[in-house]
Protein chains: 2
Amino acid sequence: MPRRVDSARRSGCPISIALELLGDPWSLLIVRDLMFKGMTSFLDFLNAGEGIASNILTDRLARLVDAGMLEKHRAKDRRRFVYRLTAKGIALAPVLVELILWSDAHEETDAPRQTIKAMRENRAEFLRRVRIKWKTERSHRPG
Amino acid sequence: MPRRVDSARRSGCPISIALELLGDPWSLLIVRDLMFKGMTSFLDFLNAGEGIASNILTDRLARLVDAGMLEKHRAKDRRRFVYRLTAKGIALAPVLVELILWSDAHEETDAPRQTIKAMRENRAEFLRRVRIKWKTERSHRPG
DNA sequence: CCGGATCCGTTTCGATACTG
DNA sequence: CAGTATCGAAACGGATCCGG
């Protein structure tokens with residue numbers, strides 16, 4: 001299995017730790033799908049259209065769980081697993097939003113106009129709703 | 001020379017393009033050093049303490065210039081080069097700020113408390129100053 | 001000395017195939 | 001469904017070399 005990427009751990013720079021996560025094309029995509037698209041399962045991510053390979057997905061999910069950004073639970077189904085964002089994970093919402101807005105402004109994306117508009121015109125409200133949605137979903141599943 | 005990382009180019013996801021950049025541990029560090037630390041030269045980045053290798057630095061600088069986030073100019077010195085953020089590059093400031101705040105909140109960093117405080121307590125003003133500083137520096141050098 | 005370019009051994013990535 | 005096993009292709013980092 002691929003080893004932890006330690007090369008991003010730098011001495012005393014304010015965003016060093018974040019780059020353990022962000023210095024990788026896949027992790028943020030997983031977080032985004034979890035946060036904005038309601039995806040929760042291994043297969044959701046695997047077929048999300050980005051074309052991640054299963055072994056890479058396994059590794060990144062484990063890494064994110066390891067970093068305390070995701071929790072892994074058994075679904076009611078008992079055969080399946082469900083991944084959920086932790087508080088630390090949902091706290092990435094502002095970063096994601098800024099990133100999405102930047103991408104939308106500077107590159108061609110076919111992001112849903114509706115969502116972009118909501119993000120741009122009332123960022124605080126948008127973020128509040130993301131958090132509320134997260135809390136609600138979370139409280140519906142007994143830990 | 002290392003080839004462009006195309007694996008991050010995904011179909012129609014709102015942050016796909018950004019990940020060409022961000023899906024790499026080094027690019028954001030360079031942008032940050034440029035934006036917040038006043039570093040401008042090859043050697044600045046090379047000795048920034050993060051331990052990037054010269055060949056990797058060369059590649060990342062070229063990539064960032066290529067992506068339209070950096071401009072490369074000859075310094076008054078004529079032996080040296082100076083790298084500057086473009087408008088597209090400076091537009092990443094909100095992303096960086098959110099990232100830094102997230103890292104500060106969720107991991108141990110020794111980021112300067114003063115700066116973090118300024119970012120957190122008055123984000124808009126902080127960003128405004130970053131942009132003003134950028135414009136000022138830029139106008140001092142005839143293109 | 002500055003800003004790279006090139007070569008090379010090692011690590012990590014990722015596509016495919018396979019499994020409980 | 002949720003992962004392993006395999007294995008070739010990259011990216012990485014260190015060292016060294018080069019042109020101005």
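Residue numbering restarts at 1 for every chain, and letters A, B, ... go by the order of the sequence lines.
At most 12 non-hydrogen atoms from other residues, nucleotides or ligands lie less than 6.0 angstrom from NZ of K117(A). For R120(A), the CZ atom is densely surrounded, since the number of other residues' heavy atoms within 6.0 Å is greater than 12.
For dG3(D), the OP1/OP2 oxygens have a side-chain nitrogen or oxygen of Y83(A) closer than 4.0 Å. Between W26(B) and the phosphate of dA11(D), there is no side-chain N or O to OP1/OP2 separation shorter than 4.0 Å. Using a 4.0 Å cut-off, some side-chain N or O of R80(B) falls inside it from OP1 or OP2 of dG3(C).
Rounded to whole angstrom, the span from the CD1 atom of I52(A) across to the C1' atom of dT16(C) amounts to 15 Å. Look at CZ on R60(A): it is 9 Å from C1' on dG14(C), rounded to the nearest Å. As a whole-Å value, the separation of D77(A) CG from dA2(D) P is 8 Å. The distance from atom CG of D59(A) to atom C1' of dC13(C) is 9 Å, rounded to the nearest whole Å. Here dA10(D) presents its P atom at 15 Å from CD1 of I56(A), a figure rounded to the nearest Å. Atom P of nucleotide dG3(C) and atom NE2 of H73(B) are separated by 15 Å, given to the nearest angstrom. Between the CZ atom of F45(A) and the P atom of dG3(D) there is a distance of 11 Å, given to the nearest Å. Atom CG in L46(B) sits about 10 Å away from atom P in dC2(C), given to the nearest Å.
Shortest non-hydrogen contact noted between F42(A) and L57(A) is O-CD2, 3.4 Å. The nearest pair of heavy atoms linking L46(B) to I52(B) is CD1-O, 3.4 Å.
Residue-level contact check: T58(B) touches the backbone only, with heavy atoms under 4.0 Å from sugar-phosphate atoms and none from bases. Across all strands shown, F42(A) has heavy atoms under 4.0 Å from base atoms, whether or not it also approaches the sugar-phosphate.
Looking at the side chain of F81(A), the nearest of the listed nucleotides dA2(D), dC13(C), dC2(C) is dA2(D). Listed nucleotides dC12(D), dG13(D), dG3(D) differ in distance to K72(A); the shortest reach to its side chain belongs to dG3(D).
Scanning atom types as modelled, one donor and one acceptor separated by under 3.5 angstrom connect the side chain of S54(B) and the base of dA5(C). A donor and an acceptor atom never sit less than 3.5 Å apart when one is taken from the side chain of N55(A) and the other from the base of dG3(D).
With respect to the salt-bridge test (charged N to carboxylate O, under 4.0 angstrom), the residues E71(A) and K88(A) do not qualify.
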